[in-house]
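The analysis underlying the following values was restricted to heavy atoms, covering all of them including side chains, and did not include hydrogens, waters or symmetry mates. In what follows, every chain begins at residue 1, and chains take the letters A, B, ... in the order their sequences are listed.
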Amino acid sequence: MTASDLLNRLFMAVLTLMGVAVIVFCLLRIVPGDPIAMMISPSATPADIAALRAHYGLDLGLPQQFGIWFMDVLKGNFGTSISQRRDVMELIGERLPATLELAFAALVFGVLAGGVIATLGTLARRTTLDPALDFINGLFLAVPDFVWALALVLLLGVFWPVFPLSGRIDPTLSTYFHTDFYLIESLVTFKFAAFGDLIAHMVMPMLALGLPLAAIVVRTLKEALAEAMVQDYVLLARLKGMSPLRLVLQEALRNAVGPTLTLTGVQFTFMIGGTVIVERIFSYPGLGNMAIDAVINRDLPLIQGIVLTFGAIFILVNILVDLIAGWLNPRGAAHG
Amino acid sequence: MTQSLVAIEGLSAISTRDGGAPVLRDVSLTLEKGEVRGLVGESGAGKSTIAKALLGILPSTVKVTGGFIRFEGRDLLAMPRRELSDLMGREITLIPQDPQTALNPARRIEAQLTDGLRLKLGMGKAAAHERALQLLDEVQIRNPERVLAAYPHELSGGMRQRILIASAFALNPKLVVADEPTTALDVTVQKEILRLIRRMQEAHGTAVIFVTHDLGVVAKICDRVTLLYAGKVIEDGATAGMLTAPKHIYTSALIAAGPRYDRPNAGLEPVPEAVFRQLRAEIGIAERRV
Ligand SMILES: Nc1ncnc2c1ncn2[C@@H]1O[C@H](COP(=O)(O)OP(=O)(O)OP(=O)(O)O)[C@@H](O)[C@H]1O
Ligand SMILES: [Mg+2]
């Protein structure tokens, strides 16, 4: 990707986000449910309700509401959460790091585990281990993240309680953090007790999100590796005395990662979506968990802010994947 | 009698993929040191199977049912794995057919050209680099430094084949197996590549097994030829003698069909069906295999 391509993509990203903003805004106004009704006390008079509606700008016409909100968004102001009465950007800023850390950990786990298993499977091809592995992987492919989450709760939370069931960090540790990136901060400031506790809390949601990804990586990468391993250049390298492991890692892998990378990008955006339910199950205080509360409370500004944030992440991930793909493939074009 | 470099004796093989169909039928041939031997025959005749057997890379679906391959008297088919893999890539190397797929698109030329030097000879980076420059000079590649730093897609097909030839001769092998090394190239490039293989072969004193469909190529480069049909040796002898005074009717028919008997030119006779009928009767097969 050249610099002008990149600018082009970023420009398109902004346009896409604007489209998302319009759609979300309209959809939320169409679905039934009144945020004001959720927050008033039974004793409120019609005058009180009208005052509240005016306070949140809900008394204006739809185009006007959109215009005000949209101009504010362009200025980086996402409004005030109706249910929490705090700045939306601030709320998202507090929660997003937790979700990013979780999603990133799940991504690293999924890609690493999938990559290692695909490599081992490729080394073991033409042995009985290979079909066994394909069979087990087929089972893993069929299990979605929330089922993993529930199974893990039962397995590692109840029957064999090795990991904490919920939350992000043990509150009794009372560690003070300067940022909301707890995991990264505890690591770079050598707070290992906190780091270990954060990891322990993260294991189960990370597995729930990462295992489906790992299964997809195994299948895609193994297929591509099998194709690459029968290429003439691999044969030549084998004749020159290259070891089987190096044949896979050095000769085949770089030519085989293309499809896996693209798919991982797509899967990662699904995974961000998956954080909503998985964070809920593990009471993990991330953006996804907050999204559910926002929906329950019909907190329109907050929902809009969260959806735009998710949208921005999706688009950035896609651009990033294309950048990496271009960098990995010296021909600069997709692999045929 | 002195020992041949390669002696294939009564080699037979079947394809388990095709229900045990014979792939090689009692094939015998010898190759002397520094000699170029052509393997010709139509598609499916078993040329590549012989080439692969020499390199120890027969597919798992092809089973040898009898015979020997001796390399300097040693039985290749019975050789322990370690010994075999030590031999391959050092004393026996390969020039592949398609320079498009024979170079790793993700690795620079230098890395690929020096793999053998580093892995088989344990050369250091600097020494391997020097040797690579020397090799590129030998195969007449100008600005070798730039080529070494390039990725395969930055080079033409002819260039890539030169690099693969350099790589095949890098360790001074005793035998180079070339399976249709010019088929994928333009006609003009083909001629240069043929001349280059011949020159390298003479300079290094290397014996070459040269698989081709092209009798014109055979005439140019081969000292001796083996003609195969359906896995059977039909005729075998010195190139000049065989092309001017063929003994078998199939050989004469092929010569009459023109240099590219697999793609008969207009005005030249394709091999008559009667010849195939006689061939099948001789070998003892009922149906012509496709
Ligand atoms: N991987 C394989 N497994 C089983 N049988 C094979 C395999 N590859 C080739 N054969 C069979 O072996 C026979 C000889 O094939 P071979 O590749 O040696 O022919 P060839 O003379 O090299 O033909 P071509 O000119 O098309 O390259 C064919 O009948 C083919 O069906
Ligand atoms: Mg062949």
Could you tell me whether the side chain of B/Pro105 reaches within less than 4.5 Å of the side chain of A/Tyr233, counting heavy atoms only?
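Result yes, sub-4.5 Å side-chain heavy-atom pair found.
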
Segment of [X] engaging chain A (4.5 angstrom heavy-atom cut-off):
{"X": "B/Leu94", "answer": "both"}
{"X": "B/Ile92", "answer": "neither"}
{"X": "B/Ser167", "answer": "side chain"}

Can you tell me if A/Lys240 uses its side chain to pair, donor with acceptor, with the backbone of B/Gln112 under 3.5 Å?
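Looks like yes, one N/O pair under 3.5 Å.
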
Between B/Asn104 and A/Glu251, is there a donor-acceptor pair closer than 3.5 Å when you use the side chain of the first and the backbone of the second?
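Judged by distance alone, yes, a pair lies under 3.5 Å.
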
Which heavy atom of B/Pro96 sits nearest a heavy atom of A/Leu236, and at what distance?
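That would be CG-CD1, 3.9 Å.
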
Looking at B/Ala102 and A/Asp232, what are the two nearest heavy atoms and their distance?
CA-CB, 3.7 Å

If you count heavy-atom pairs under 4.5 Å with chain B, which of A/Arg238, A/Arg126, A/Gln250 comes out on top?
A/Gln250

Can you measure from CG (A/Leu239) to CG (B/Asp115) and round to the nearest 0.5 angstrom?
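Interatomic distance, A/Leu239 CG to B/Asp115 CG, rounded to 0.5 Å: 11.5 Å.
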
With rounding to the nearest 0.5 angstrom, report the CG to NZ distance, A/Leu235 to B/Lys52.
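Answer rounded to 0.5 Å: 9.0 Å.
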
Step through the shown structure and confirm whether more than 12 heavy atoms of other residues, nucleotides or ligands are within 6.0 Å of NZ on B/Lys120.
yes

